[in-house]
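Have a look at the structure below before the remarks.
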Amino acid sequence: MTLLAIETSCDETSVAVARDGRVLSSLVSSQIELHAEYGGVVPELAAREHLRNLMPVAKTALEAAGVSSGQLDAIAATQGPGLPNALLVGFKAAQAMAFALRKPFLGIQHHEAHLYSPWITGDPPTADFDAFEPNVSLIASGGHTMLVHVESELKHRVLGSTVDDAAGECFDKAAKLMGLPYPGGPEIDRLASGGNPRAHDFPRPMLRDVSDDFSFSGLKTSVRYFIRDHPEALNDAGILRDLCASVQAAIVEVLVVKTIRAADRLGVRCVTASGGVTCNRALRGALARACGEKGMILRLAERSLCTDNAAMIAILAGRKLLHHAPETSPDAEILPGWALV
Ligand code: KG4
Ligand code: ZN
C-alpha cells in the first residue's frame, strides 16, 4: 500500500510518501522566516505560502520516493484542527488528487497523528507498531498541550489539556518578552544550556492540581513582571541565560511531573512525547530521567518528526486503511476545530 499524505494545518507545507509503514520521502517546507518578521504565524500569509509551495513539494516528494502518481493506492491529508485557510489548501488538493486518481481518500486528525509519531523510527523512518505499548502520550506544541491515554492502537482518550496558553506558546511569548526572535522555544533552549535553572523560582502552574490539565499563562505573566522589575537582565548575557534556564525549568517540570503522574495513576508503563516542544533538550532529558526512575519505557518522537510533518499523517492513514477504517468522503470539508477526544 503506497500513500501520499499532505499536512498544511499551520505554517509547514509538508508532503510524504509511505509504503507499508515505511516513509519513502518526507518533505517539509517551513515558513518560519516569513512569519518571524511578524513575531508569530500570520494565517493569510501561511495559506498563500501553502498555495505556492504545495505542488512543487508534492512533486519533489514523489520524485524522492521514486513513486509515480499512478502507483499511489491512497491519498491522505490533515482535516483538522488548524488554521482554516491553511488546512483548506492541503485538504482540497488531496481530495482533488484522490478524485483524479480514483483512489481512496482519508482525512486525518492532526493530534491523532502526533500520538503515533513516537513509533516511527530509523532510517528510512519506519513504523514500529510491533513494539507498541499502551502509553500516556504528551503532545506539546505551539498551539496545543495535552495528555492522552493511548489504550491500544487507534484507541485513545484525552486526559487533559491546557486551559490557556500551550507550552510552546509560553516559550514563544517568554522569548518575545526577552527580545529573542520567533520562534522562541529553540532560542530559549539554546541560551538555557549555559544558564542556572535554579536562578529564579518561576511558578509551576497547576503542578499540584489533581487534574491532567495545564495552564501556562500565569508563568508568562511572571516572566513579564520579572523583566519589568529587572530590565537590566536583558543586557547581561549571563543573567539572560539564567532567565532562560529558569523559565525552561518551570515549563519542563510541569510537563514531566504531570505526564509521569498520569502514567503512574493509570498503571501505564510507557510514556511517549511529540510536538515541537519535544525538541527541547531539557524536556527530553528530564523525561528520560523520570521514566528511568520509574522503570517506564520512554518513546520520544525523533526531532524531525516532533514538529509538524506529513510522515506521521501518512503512517496513521496507512494504519487506518490496514484496520479497514472508513474512507473520508470526497465532498468532506475541513474541520478547523476538530478536537481529539
Ligand atoms: O509542533 P509545532 O511545530 O507546531 C505547532 O503545531 O505549533 O511546534 C512549534 C512550537 C513553537 O512554539 C516552538 O517554539 C516550539 O514548538 N519549539 C521548542 C523547541 N523547538 C520548537 N520549544 C522549546 N524548545 C525547543 N527546542
Ligand atoms: Zn502539530
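Counting convention: from 1, in listed order, for ligands and their atoms alike. Heads up: numbering here begins at 1 and tracks the sequence.
In this structure, Leu266 is not a member of the same hydrophobic cluster as Phe132, with clusters built from ILVMFWY side-chain heavy atoms closer than 4.5 Å.
Phe91 and Phe105 have their aromatic ring centers within a separation under 6.0 angstrom. Between His35 and Tyr182, the ring center distance fails the sub-6.0 Å criterion.
Using a cutoff of 4.0 Å between basic side-chain nitrogens and carboxylate oxygens, Glu112 and Lys320 are scored as salt-bridged. Under the 4.0 Å criterion applied to side-chain N and carboxylate O atoms, Arg265 and Asp212 are assigned as salt-bridge partners.
Scanning the protein for heavy atoms near atom 22 (N) of ligand 1, the closest one is Gly185 CA, 3.3 Å. Of the protein's heavy atoms, Gly142 N, 3.5 Å lies nearest to atom 10 (C) of ligand 1.
For ligand 1, the atoms closer than 4.0 angstrom to any heavy atom of Asp189 are 24 (N), 25 (C), 26 (N). Interface atoms of ligand 1 facing Pro183, defined by a heavy-atom separation under 4.0 Å, are 14 (O). Close contacts between ligand 1 and Cys279 involve ligand atoms 20 (N), 26 (N) [criterion: under 4.0 Å to a heavy atom]. Interface atoms of ligand 1 facing Gly168, defined by a heavy-atom separation under 4.0 Å, are 12 (O).
Not one N, O or S atom of His111 sits under 2.8 Å from the Zn ion (ligand 2).
In terms of heavy atoms, Pro81 sits closest to Ser9 at O-CB, 3.6 Å.
When only interatomic distances are considered, the shortest N/O to N/O separation between Gly276 and ligand 1 falls below 3.5 Å. No N or O atom of Gly275 sits closer than 3.5 Å to an N or O atom of ligand 1. Residue contacts with ligand 1: Asp172 is placed with a nitrogen or oxygen under 3.5 Å of a nitrogen or oxygen of the ligand (distance criterion only). Taking distance alone, with nitrogen or oxygen atoms compared against 3.5 Å, Asp308 approaches ligand 1 more closely than that limit.
Between Gly143 and ligand 1 there is a heavy-atom distance shorter than 4.0 Å.
Remark: at the Zn ion (ligand 2), atom NE2 from His110 and atom OD1 from Asp308 enclose 90°, rounded to the nearest 10 degrees.
If you look at Asn280 next to ligand 1, the close heavy atoms, those under 4.0 Å, come from the backbone and the side chain alike.
Checking Leu87, Val89, Asn85 one by one against Ile334, the side-chain contact (heavy atoms from CB on, under 4.5 Å) holds for a single residue, Leu87.
Of the N and O atoms on the side chains of Gln71 and Thr2, not one donor lies less than 3.5 Å from an acceptor on the other residue.
The aromatic rings of His111 and His114 lie parallel to each other, their planes meeting at an angle below 30°, with 60° marking the opposite boundary.
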